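Inspection log for the structure reproduced underneath, given as structure tokens.
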Amino acid sequence: MSEKELRRYSRIVVDGKAQAPSRAMLRAVGFTEEDFKKPQIGIASTWSMVTPCNMHIDGLARDAAAGADEAGAKAVIFNTITVSDGISMGTPGMRYSLVSREVIADSIETVVGGEGFDGIVAIGGCDKNMPGCLMALARMNRPGIFVYGGTIRPGRDRTDIVSVFEAVGAASSGKITDEELLDVERKAIPGPGSCGGMYTANTMASAIEALGMSLPDSSAQEAVSSQKLSDCHRAGEAVMRLIEQDIKPRDIMTRNAFENAITVVIALGGSTNAVLHLIAIAREAGVELSLDDFTRIGKRVPVLADLRPSGRYMMSELIEVGGIRPLMKRLHDKGLLHGDCLTVSGVTLAEELKDVADYLGDQDIVRSFDDPIKPDSHLSILYGNLASEGAVAKITGKEGLRFEGTAKVYASEEEALEAILSDKIEKGNVVVIRYEGPKGGPGMREMLSPTGAIMGKGLGADVALITDGRFSGGSHGFVVGHVSPEAAVGGTIALIEDGDRIVIDAQGKTIDVDLDEETLGKRRAKWQRPASTVTGGVLGKYRSQVSSASEGAITVSEDW
């Protein structure tokens, strides 16, 4: 490629007499005369000190920049935001979590478009960073790579953030003392990195690697490790090669690549949030992807990894035996992955996996196909009179495959949590949390506090929970989220009353309330949307533009 082709976007900003003011500004931030002749690579850093997931990413961004510079480019580091799910969970602040995905995507697009970068390295840590970064990469369609900030190391006694949430429930029921709760709190988070099980961060990092948008092993490295520093350096170098080969995100993020990502998420027993995020990323990439694709793929893909929250092991333990690459190799050899998909390495997935060795030693973290944890997907897409547009359940089979019980209805997460902690929930109840959907929240909060309290009280096998909100990747038990249409738009979940009979059938893929259409019609005629305290600001903008959870909860604007 010629120099102008390598600098497809940046030359518009820095070439010619008319751009002397631009060059003058760039000289002040460190550009030399030679730098104006180089492709410019934006390093999108999600560094902040608001969460351990991202507290180290400033250093990773500098390593990525060094790799880009050494490859002959000029790297420019810039920042975007993050919101900590673990800190805001159970509070009104959690409303901003999913909203932050859109803000991250918008802000990266804004800087890359405004500054004229020729390539992008995006580095994310906490849950919404990853889909936000990928949405921006798909939207801008300039050569780019995603780098995962890495997983946290286990806390003392193999604790993590979910251990703390479940300890709250245990303490409220007298199973542990307040001193024991404080001990769990103090030891669970030892330093930098994203939550340590196959929760949303590790799920999405793995999905993005399977999608082809990260370098091999990027998803299976600890945040504090030499491997992660090398990963960042190599990503900076690799973007320069992508520019030279003119390989762009939409060349990689094809329909088959998204099927690969779904397959790996299922095999790992990953988070329900992957459904929401992969649909959103696909929309930005111009790829048709729906809830039904998860059902179709899920029929032939087993759950093989025994990872938290419903399993036994942590991400660091999976890393010790080989990470996700040996699993991907097994899936490919079984014909469950599309090997002809291009990756950011510049080669196909099949070429990347060709020489991957199997897992180390006599491990039981990843099972064989002959001994799966579940023979088909743990992600069940349910339909019925309670969710005509679909709902998403994470059911590994340990919880059972069917639940029938009586509704206990709450209009917010706080109300439900207070009821759980006050022993108002009994065996056989279906806890219904509504008005927490994309519009109803607004912001579609995660329900880790209620599910953690249910598990901590020992009710995980005897109580179900359904919501038009979301679940943290750390939630487990008989839980169903993303119920659509949501309560705030008059979905059936808004019409349920205490004592109604609810039937959830993971095998039949149904979720229904035992009411006839006449009764539902009478209740619908009386229903009024509750007043909201949110009238403006970013939450108000989000409410006015956000789509259904079944469509990825993306923000959409009217066409001119």
Side-chain angles (χ1 to χ4, degrees), residues 89-92 94-95 97-98 272-273 276 382-394 403 405-421 424-425 429-451 453-454 463-472 475 477-504 510-515 519-534 539 542-543 546-551 553:
M89 196 77 70
T91 76
M94 188 63 192
R95 289 173 170 174
S97 170
L98 189 57
T272 54
N273 280 316
L276 196 75
L382 311 178
Y383 291 95
N385 70 354
L386 239 174
S388 60
E389 294 177 6
V392 182
K394 182 168 72 172
F403 194 99
T406 55
K408 282 291 200 67
V409 184
Y410 303 96
S412 71
E413 178 186 6
E414 287 86 353
E415 289 182 15
L417 182 61
E418 192 278 330
I420 296 164
L421 295 178
K424 295 176 182 176
I425 303 302
N429 284 158
V430 179
V431 178
V432 179
I433 306 178
R434 61 193 183 195
Y435 298 108
E436 292 286 7
K439 289 183 180 293
M444 205 178 181
R445 291 193 292 178
E446 293 180 344
M447 304 293 132
L448 181 55
S449 293
T451 60
I454 287 171
V463 169
L465 190 152
I466 70 171
T467 180
D468 52 8
R470 296 181 294 134
F471 292 111
S472 162
S475 291
F478 212 106
V479 297
V480 182
H482 308 199
V483 172
S484 301
E486 61 174 292
V489 299
T492 303
I493 192 171
L495 311 178
I496 298 173
E497 296 177 0
D498 284 349
D500 287 345
R501 200 82 181 157
I502 293 173
V503 181
I504 306 164
T510 59
I511 179 168
D512 293 286
V513 57
D514 188 16
L515 297 171
T519 302
L520 287 172
K522 289 178 179 178
R523 291 185 185 181
R524 188 170 283 110
K526 296 177 181 178
W527 175 78
Q528 291 185 328
R529 183 184 298 113
S532 174
T533 57
V534 175
L539 293 178
Y542 183 81
R543 169 180 280 159
V546 70
S547 71
S548 164
S550 63
E551 298 174 339

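Just so you know, residue 1 is the first one in the sequence shown, and it goes up from there. None of these values were measured; they are calculated from a predicted model.
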Could you tell me which non-hydrogen atom of [X] sits nearest to which non-hydrogen atom of [Y], and how far apart they are?
X      : Y      : value
Ala494 : Trp527 : CB-NE1, 3.6 Å
Leu417 : Ser449 : CD1-O, 3.6 Å
Thr467 : Ile433 : OG1-O, 2.8 Å
Ser484 : Ser550 : OG-N, 3.8 Å
Ala407 : Glu497 : CB-O, 3.7 Å
Ile493 : Ala487 : CG2-N, 3.5 Å

Are [X] and [Y] close enough that some pair of their side-chain heavy atoms sits under 4.5 Å apart?
X      : Y      : value
Val503 : Phe403 : no
Glu418 : Lys424 : yes
Pro530 : Tyr435 : yes
Ile466 : Val430 : yes
Ser388 : Pro485 : yes
Val480 : Val392 : no
Met444 : His482 : yes
Ile496 : Arg434 : yes

Check whether the side chains of Thr406 and Asn429 place a donor and an acceptor atom closer than 3.5 Å, and report yes or no.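 Indeed, the side chains of Thr406 and Asn429 share at least one donor-acceptor pair under 3.5 Å.
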Derivation of the side chain to side chain contact (heavy atoms under 4.5 Å, CB included) call for Phe471 and Asn273: CA-CA 7 Å; Phe471 292 111; Asn273 280 316; over 6 Å; no
Evaluation steps, salt bridge (charged side-chain N to carboxylate O under 4.0 Å, His left out), between Asp500 and Arg523: CA-CA 13 Å; Asp500 287 345; Arg523 291 185 185 181; 2.7 Å; yes
Could you walk me through whether Ser475 and Arg470 pass the side chain to side chain donor-acceptor pair (under 3.5 Å) test, one step at a time? CA-CA 10 Å; Ser475 291; Arg470 296 181 294 134; over 6 Å; no
Test your reading of the model: is there a side-chain donor-acceptor pair from Thr451 to the backbone of Leu448, 3.5 Å cut-off?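 Present.
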Point-to-point distance, once rounded to the nearest 0.5 Å, from [atom1] of [X] to [atom2] of [Y]:
X      : Y      : atom1 : atom2 : result
Leu465 : Ile454 : CG    : CD1   : 5.0 Å
Leu98  : Leu276 : CG    : CG    : 5.5 Å
Asp498 : Lys408 : CG    : NZ    : 6.5 Å

Hey, is Arg445 close enough to Glu414 for a salt bridge, meaning N to O under 4.0 Å?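 Answer for the salt bridge query: yes.
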Looking at Asp512 and Arg501, is there a salt bridge between them, counting it only when a charged N and a carboxylate O are closer than 4.0 Å?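 Salt bridge between Arg501 and Asp512, a charged N being under 4.0 Å from a carboxylate O: no.
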The test is side chain to side chain contact (heavy atoms under 4.5 Å, CB included); show your working for Ile504 and Leu386 and say whether it passes. CA-CA 10 Å; Ile504 306 164; Leu386 239 174; over 6 Å; no
Check against side chain to side chain contact (heavy atoms under 4.5 Å, CB included), Val534 and Arg95: CA-CA 11 Å; Val534 175; Arg95 289 173 170 174; 3.4 Å; yes
Give the C-alpha distance, both sets of side-chain angles, the deciding distance and a yes or no for side chain to side chain contact (heavy atoms under 4.5 Å, CB included) between Ser548 and Glu486. CA-CA 8 Å; Ser548 164; Glu486 61 174 292; over 6 Å; no
